[in-house]
Amino acid sequence: MPTAVKSVLPVVLLGCGGVGRYLLRHIVSCRPLHANQGVAIRVVGVADSSSLLVADDVNSSGLDDALLTHLCAAKSAGSPLSSLLGQGNYQLFRNPEARSKVIDAATMLGRTTGLVLVDCSATYDTVNLMKDAVGHGCCIVLANKKPLTGAYEDFQKLVSNFRQIRFESTVGAGLPVIASVTRIVASGDPISRIVGSLSDPRDDLGGMDVARKALILARLLGQQISMDNINVESLYPSELGPDAVSTEDFLESGLEQLDRSMEERVKAASSRGNVLRYVCEIGSKRCQVGLKELPKDSVLGRLRGSDNVVEIYSRCYKSSPLVIQGAGAGNDTTAAGVLADIMDLQDLFQKPA
Ligand SMILES: NC(=O)c1ccc[n+]([C@@H]2O[C@H](COP(=O)([O-])OP(=O)(O)OC[C@H]3O[C@@H](n4cnc5c(N)ncnc54)[C@H](OP(=O)(O)O)[C@@H]3O)[C@@H](O)[C@H]2O)c1
Ligand SMILES: *[C@@H]1O[C@H](CO)[C@@H](O)[C@H](O)[C@H]1NC(C)=O
């Protein structure tokens with residue numbers, strides 16, 4: 001006999017780029033697995049930068065799997081959601097109406113069944129929607145760091161119902177970094193230091209992406225700080241920054257200059273038996289991002305490729321830190337982390353027996 005459905009989770013997805021599309025594919029392919037656990041994820045709406053596709057009756061049904069699969073194919077091919085004007089039990093709204101339709105759904109479902117609003121976009125623009133959703137009692141899940149790294153008041157509002165928010169994928173993609181920090185904080189074990197390699201510097205020469213991750217961790221430790229308070233060592237000197245040099249010039253000659261000065265630093269470190277790693281370091285009162293010389297045979301020193309490593313030091317993890325290591329990026333892994341976050345909310349959506 002099939003397991004009875006115990007939890008139905010209505011989901012509205014903001015953003016269907018690399019991560020959002022993988023999330024939709026995972027949701028569709030995990031149907032049998034979730035059914036075995038008595039869980040059904042109902043995707044009631046999907047938005048891109050210009051429009052929202054939403055089920056006709058968000059209270060009773062979602063977008064069907066064939067449509068979700070078709071939608072992913074269309075977005076992969078570069079077509080906007082608004083190109084999907086076919087038959088089906090859904091409606092399409094363009095901006096700015098799309099935004100108010102998301103709020104309508106959040107208001108209605110927040111009062112009745114509940115809703116998970118998932119942010120897989122890469123913009124600050126979703127922050128007010130996310131805050132409104134929280135205000136209406138909805139759950140939120142984010143892969144997008146930007147809403148959590150703007151004004152401190154926004155962060156405070158977003159995490160105000162801490163059981164109703166998940167944002168594991170914002171730091172280290174699918175790795176359980178946030179969950180580990182949250183558990184240690186909840187147990188009253190004071191975290192004295194977090195050191196992490198959380199970036200692929202090739203994509204983040206300015207260090208801003210890793211600074212956002214550091215800020216999220218620092219705020220979790222109770223620091224009421226903002227991006228301005230983080231000391232970020234950029235991998236390029238300011239005379240080669242985007243304000244001073246065009247991208248073409250940078251790629252033409254800037255990279256070569258960078259390589260030369262970097263080579264010297266690497267050599268100097270090596271002569272001391274050390275290696276250079278681009279890390280973030282969060283103490284109880286400080287937060288910084290930059291190059292650090294570390295012993296070759298330390299966990300961070302041994303790091304290769306695009307793996308991420310986070311070391312957490314606390315009273316319990318003092319001489320031997322808690323270490324979390326593994327692939328820290330990729331659309332598939334990140335989307336899997338988002339799906340695990342959604343599944344983690346299932347108990348809030350349990351139907352009375
Ligand atoms: N990929 C990774 O390895 C990884 C790892 C950890 C975290 N993340 C985070 O995950 C998020 C998604 O990454 P991605 O690689 O999928 O980005 P992406 O490919 O650039 O996709 C972003 C999506 O968001 C949509 N969008 C833009 N503004 C929007 C708005 N106001 N409302 C709703 N949707 C909007 C875009 O619409 P259009 O399609 O119309 O442009 C696009 O579909 C980012 O915040 C990223 O930092 C990614
Ligand atoms: C993630 O998806 C984006 C958008 O489709 C793509 O450009 C990028 O190459 C993908 N990244 C990986 C690591 O597959």
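Because the structure is predicted, anything quoted here is derived from the model rather than measured. In each ligand, atom 1 is the first atom listed, and ligand 1 is the first ligand listed.
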task: Mind checking whether Thr123 contacts ligand 1 via backbone (N, CA, C, O), side chain (CB onward), both or neither, at a 4.0 Å heavy-atom cut-off?
output: side chain
- request: Say whether Lys146 and ligand 1 are in contact under the criterion: heavy-atom distance to a ligand atom below 4.0 Å.
  value: no
message: Quick check: Leu14 and ligand 1, any N/O pair under 3.5 Å apart?
response: no
For atom 5 (O) of ligand 2, closest protein heavy-atom neighbour: Arg21 NH2, 2.8 Å
query: Who's the nearest protein heavy-atom neighbour of atom 4 (C) of ligand 1, and how far?
result: Thr334 OG1, 3.5 Å
query: Relative to atom 24 (O) of ligand 1, which among Ser51, Ser121, Gly330 owns the nearest non-hydrogen atom?
result: Ser121
query: What protein heavy atom is closest to atom 14 (O) of ligand 2, reported as residue, atom name and distance in Å?
result: Asn331 ND2, 3.7 Å
message: Polar contacts were defined as any N/O atom of the residue lying under 3.5 Å from an N/O atom of the ligand; does this apply to Gly18 and ligand 1?
response: yes
message: Considering both backbone and side-chain atoms of Cys16, is one of its nitrogen or oxygen atoms within less than 3.5 Å of a nitrogen or oxygen in ligand 1?
response: yes
- prompt: Got an N/O contact under 3.5 Å between Ser49 and ligand 1?
  reply: yes
message: If you count every heavy atom of other residues, nucleotides or ligands that lies below 6.0 Å from Asn89 atom CG, does the total exceed 12?
response: no
statement: atom 42 (C) of ligand 1: closest protein heavy atom, distance to 0.1 Å, is Gly17 N, 3.9 Å
task: Run down the list Gly174, Ser79, Cys120 and name the one with the heavy atom closest to atom 12 (C) of ligand 1.
output: Cys120
- prompt: So is Ser169 in contact with ligand 1, going by heavy-atom distances below 4.0 Å?
  reply: yes
message: Considering only residues two or more places apart or on different chains, which pairs with a residue in residues 173-198 satisfy side-chain hydrogen bond (donor to acceptor under 3.5 Å, both in side chains)?
response: Asp189-Ser314, Arg193-Glu281
message: I need the contact type for Ala122 against ligand 1. Using non-hydrogen atoms and a strict under-4.0 Å cut-off, is it side chain, backbone, both or neither?
response: both
message: Surrounding OH of Tyr317 (heavy atoms of other residues, nucleotides or ligands, distance under 6.0 Å), is the total greater than 12?
response: no
query: Looking only at distance, does Asn331 have an N or O less than 3.5 Å from an N or O of ligand 1?
result: yes
task: Could you tell me whether atom 10 (C) of ligand 2 has at least one protein heavy atom nearer than 4.0 Å?
output: yes
message: Please list all pairs meeting ring pair (Phe, Tyr, Trp, His ring centres under 6.0 Å) that have one or both residues in residues 22-46, counting only residues at least two apart or in different chains.
response: Tyr22-His26
message: Below the 3.5 angstrom mark, is there an N/O of Asp209, backbone or side chain, next to an N/O of ligand 1?
response: no
query: Under a 4.0 Å heavy-atom limit, does Asn144 contact ligand 1 with its side chain, its backbone, both, or neither?
result: both
message: What protein heavy atom lies closest to atom 13 (C) of ligand 2? Include the residue and the distance to one decimal.
response: Gly330 CA, 4.5 Å
message: Considering both backbone and side-chain atoms of Ala329, is one of its nitrogen or oxygen atoms within less than 3.5 Å of a nitrogen or oxygen in ligand 1?
response: no
